[in-house]
Amino acid sequence: MKPAHSSTLAANAKLIDELDFTDQRDFEAARRGFIDTLPDAHIEADSGGVSWSMKPYGFLAGKTPDTVNPSLWRMAKLNAIHGLFKVSDRVYQVRGFSLANVTFVEGDSGVIIVDPLQFTEHARAALALYRKHRGERPVVAVIYTHSHRDHYGGVRGVISPEDVKNGVEVIAPFGFTEESFSESILAGVPMRRRALFQFGWSLEPGEMAHVDSGLGKAVGRGGDGFIAPTTLITQPVERRKVDGVEIVFHLTPGTEAPADMNMLYPGLRVLNLAENACQTMHNLCPIRGAKTRDALAWAHYLNQALDRFVPQVDALVVQHHWPVWGQENIRGYVAGQRDMYRYLHDQTLRLMSHGRTPKEIADELMMPSKLSRQWFARGYYGAVAHNVNAVYAHYMGPYDGNPTHLNPLPPVQAGAKYVEYMGGADAVVQKARGDYEAGHFRWVVEALNHVVFADPGHRPARELAADAMEQLGYQSESATWRNAYLLAARELRSSSKASAPKGVGISPDVVAILPFGNFLEYLGIRLNGPKAQDIEARFDWCLTDSAGVDSHRLMVSNGALNHLPGTHGDQAHAVIDMDRDKLSTLSAGREALLAGLEAGDLRVKGDAALFRQFIEALDEFDPMFNVVEP
């Protein structure tokens, strides 16, 4: 790791002059209602080691270092505040025990848990801390606000499937299960690799490495699971009573998640905006990858909440960061968040209509000064430039309209030609050194990226690109950009292949309860089309458990796998039977399925050779594919 460059020092110093760092209101709000915490928020992992701890972030007590954007340092200190907090009568939160918050709403006979964090250990520790001070209240319901794993993965730390059988309600927005699986299973492999860069999972805490994740301190590790909803909210606005607590559910699809909702607790005068409002500019498409979010719909739903719900409340909670209290403060906060997404949407489309490309818009678009000086509109998690690209892609797709970019050379071939045009790799590096000294880090990483892809073993190019990446990280106000730049620098400097940190992967617990159709969709994306193009097959695949047999008929043709519930009857080439409890093991991939065939976990009647041919045409995925090199 290198010290901060003079250009980085100047860029960070400039921000100190632009923002009011004497404003301590967020620190007061983040500490308001504090009751208790665990020492250093330290939580052991069930599998051994540490699941979560704030102890490594003790360095945040110091002054702002040269190697961290001062605005991000401020947010990192705020996100280090942890413990159990009282929001209002009957509403409590545990914050700083995971990336997200868990909210406890006390009912007539027990407690309603909103968003049980990402990992089992986190949720269990949060519930224990709550019960230590509020009594052994039984969990009567769990509410998932939206379909992202940091808001439901820890559910088995607060309830079990047996609790659900005994009447504990699990409430979620319409489409929750489908969208959860779509994100974590279908796009899971590339998304998890990219998430390493977004959250800096393998970066150690420190002034020159990981300081924050924008939405919260970090991701942590542990056991995660899934318990399917028992109740879905299907109406745009739906009023229900849960354990005597009146809740007005407000569906907000296409905002921070495809399946999402806000909640008003009118009797408690509290509004929960889930993750549709945070103390930061959010992502319209996170750099880990996701379906692009609809900025116009996001602003629209916040406007609805502002008009319909805000006049009825005295406190506003969100499922990341700290609450807002008082009518005037809440109104200004929600209106500011609304205006931020509306501005990003409208101004991107305005400039699109002038013929600007995404890169040009991202370079030109500035937030209004009054809004940009609001701490809750700063880009700790999202960023204006990246959000512009998301808005553009939402309407226009990835193509920017310039035919030059219709079918460009892939990175390796393009890199070779760029380097040839520039006079060779050594010449490029020599020129880049001058630009590095001048502080032109964005251009240095772009130019040297071509060298690295043309010649991955060119050590001077890798080292200088890493140096420039590091400086961009030190300057980044966005925690996710900082993490990505710093992890890229580490991988460029390393001479060995990157390895996945513990806790990264598809949870077997999640796979074990996959609807069978989702498991088959997962197989479909593994099917190697060229290898399978000559396979013509009809299979009946039956999944057996205590509830009976779930049978799907599979059609393999033209390199594609299609399926429907039911059977082919006499037209099936083979019938495959397996027990549901083997699903999590067999979902690991081709080799696991072939081993299952040999072990008899997959029982085949009919043309077993054809079924084996199908299995052998499935791809194995390397979850640690290269990103910053070919």
Side-chain angles (χ1 to χ4, degrees), residues 1-24 26-27 30-31 40-41 52-82 96 99 196-220 279-281 321 373 375 378-383 436-442 444-445 463-493:
M1 295 178 182
K2 305 291 179 67
H5 188 280
S6 58
S7 295
T8 296
L9 297 177
N12 288 345
K14 184 173 181 289
L15 196 63
I16 292 176
D17 294 334
E18 292 175 354
L19 299 173
D20 182 9
F21 285 87
T22 65
D23 182 357
Q24 294 295 299
D26 283 341
F27 286 92
R31 295 188 178 102
D40 296 317
W52 181 266
S53 180
M54 286 289 189
K55 187 173 183 179
Y57 293 94
F59 66 89
L60 289 168
K63 66 177 184 177
T64 308
D66 294 338
T67 53
V68 183
N69 178 292
S71 180
L72 176 58
W73 183 259
R74 173 188 174 278
M75 175 58 92
K77 293 170 78 74
L78 283 161
N79 280 337
I81 297 170
H82 55 83
L99 185 68
L196 296 183
F197 287 85
Q198 174 169 318
F199 292 111
W201 264 331
S202 57
L203 295 174
E204 67 285 347
E207 295 177 355
M208 302 178 81
H210 192 274
V211 298
D212 206 61
S213 293
L215 285 180
K217 183 51 59 196
V219 175
Q279 300 289 350
T280 175
M281 176 187 291
H321 305 129
R373 286 195 293 267
W375 292 113
R378 303 300 299 182
Y380 304 113
Y381 189 62
Y436 178 87
E437 293 304 322
H440 301 153
F441 307 125
R442 290 168 63 191
V444 171
V445 298
E463 292 291 340
L464 186 56
D467 291 348
M469 289 278 194
E470 203 164 56
Q471 296 303 319
L472 290 171
Y474 293 165
Q475 293 181 23
S476 293
E477 185 175 31
S478 167
T480 62
W481 284 31
R482 176 186 173 90
N483 293 336
Y485 283 131
L486 296 185
L487 185 53
R490 171 176 289 183
E491 292 196 3
L492 283 165
R493 287 179 178 138

* Structure fact -> Smallest heavy-atom separation, M208 atom then L486 atom, equals O-CD1, 3.7 Å
* Apply side-chain contact (heavy atoms from CB on, under 4.5 Å) to the pair I81 and R31, showing each step before the final yes or no. => CA-CA 7 Å; I81 297 170; R31 295 188 178 102; 4.0 Å; yes
* Do we see a donor-acceptor contact under 3.5 Å between the side chains of Q198 and Y381? -> yes
* To do: Supply the atom-to-atom distance H321 NE2 to L78 CG, rounded to the nearest 0.5 angstrom.
  => 8.5 Å
* To do: Compute whether any side-chain donor of one residue and acceptor of the other, for T480 and S478, lie under 3.5 angstrom apart.
  => yes
* Please check if the distance between the ring centroids of Y436 and H5 is under 6.0 Å. => yes
* Please examine the side chains of L19 and R378, heavy atoms only from C-beta on, and report whether any two atoms are closer than 4.5 Å. => yes
* Structure fact -> Between the OH atom in Y474 and the CG atom in N12, the distance rounded to the nearest 0.5 Å is 11.5 Å
Extract all donor-acceptor atom pairs below 3.5 Å that involve side chains of residues 58-73 and protein atoms in other chains or at least two apart in sequence.
residue, atom, partner, partner atom, Å
T67, OG1, E207, O, 2.6
N69, OD1, S71, N, 2.8
N69, OD1, L72, N, 3.3
N69, ND2, Q475, O, 2.9
S71, OG, Y380, OH, 2.8
S71, OG, E477, OE2, 2.5

* Structure fact -> The reported gap from OH in Y485 to CD in Q471 (rounded to nearest 0.5 angstrom) is 12.5 Å
* Asked: Under 4.5 Å between any side-chain heavy atoms of K217 and D212, yes or no?
  -> yes
* Between the main-chain N or O of F199 and the side-chain N or O of H210, is there a donor-acceptor pair closer than 3.5 Å? -> yes
* To do: Compare all side-chain heavy atoms of H82 with those of D40 and state whether any distance is below 4.5 angstrom.
  => no
* To do: Of all the heavy-atom pairs spanning L492 and A465, show the shortest one and how long it is.
  => CD1-CB, 3.9 Å
* Asked: Do you know which two heavy atoms are closest between G439 and S7, and how far apart they sit?
  -> CA-OG, 3.3 Å
* Do N483 and W201 have side-chain heavy atoms sitting under 4.5 Å apart? -> no
* Asked: Can you list the steps and then say if L196 with S202 is a side-chain contact (heavy atoms from CB on, under 4.5 Å)?
  -> CA-CA 7 Å; L196 296 183; S202 57; 5.6 Å; no
* Structure fact -> For S476 and W481, the nearest pair of non-hydrogen atoms, with its separation, is OG-CB, 3.8 Å
* Is the backbone of E470 close enough, under 3.5 Å, to the side chain of R482 for a donor and an acceptor to pair up by distance? -> no
* To do: Using a 4.5 Å cut-off on heavy atoms from C-beta on, say whether the side chain of R74 contacts that of F27.
  => yes
* Check: G379 main-chain N/O paired with T280 side-chain donor or acceptor under 3.5 Å -> no
* If you look at every heavy atom in S213 and A479, which pair is closest and at what distance? -> C-CB, 3.4 Å
* Structure fact -> Those residues at least two apart in sequence (or on a different chain) that pass salt bridge (charged side-chain N to carboxylate O under 4.0 Å, His left out) with K2 are D467
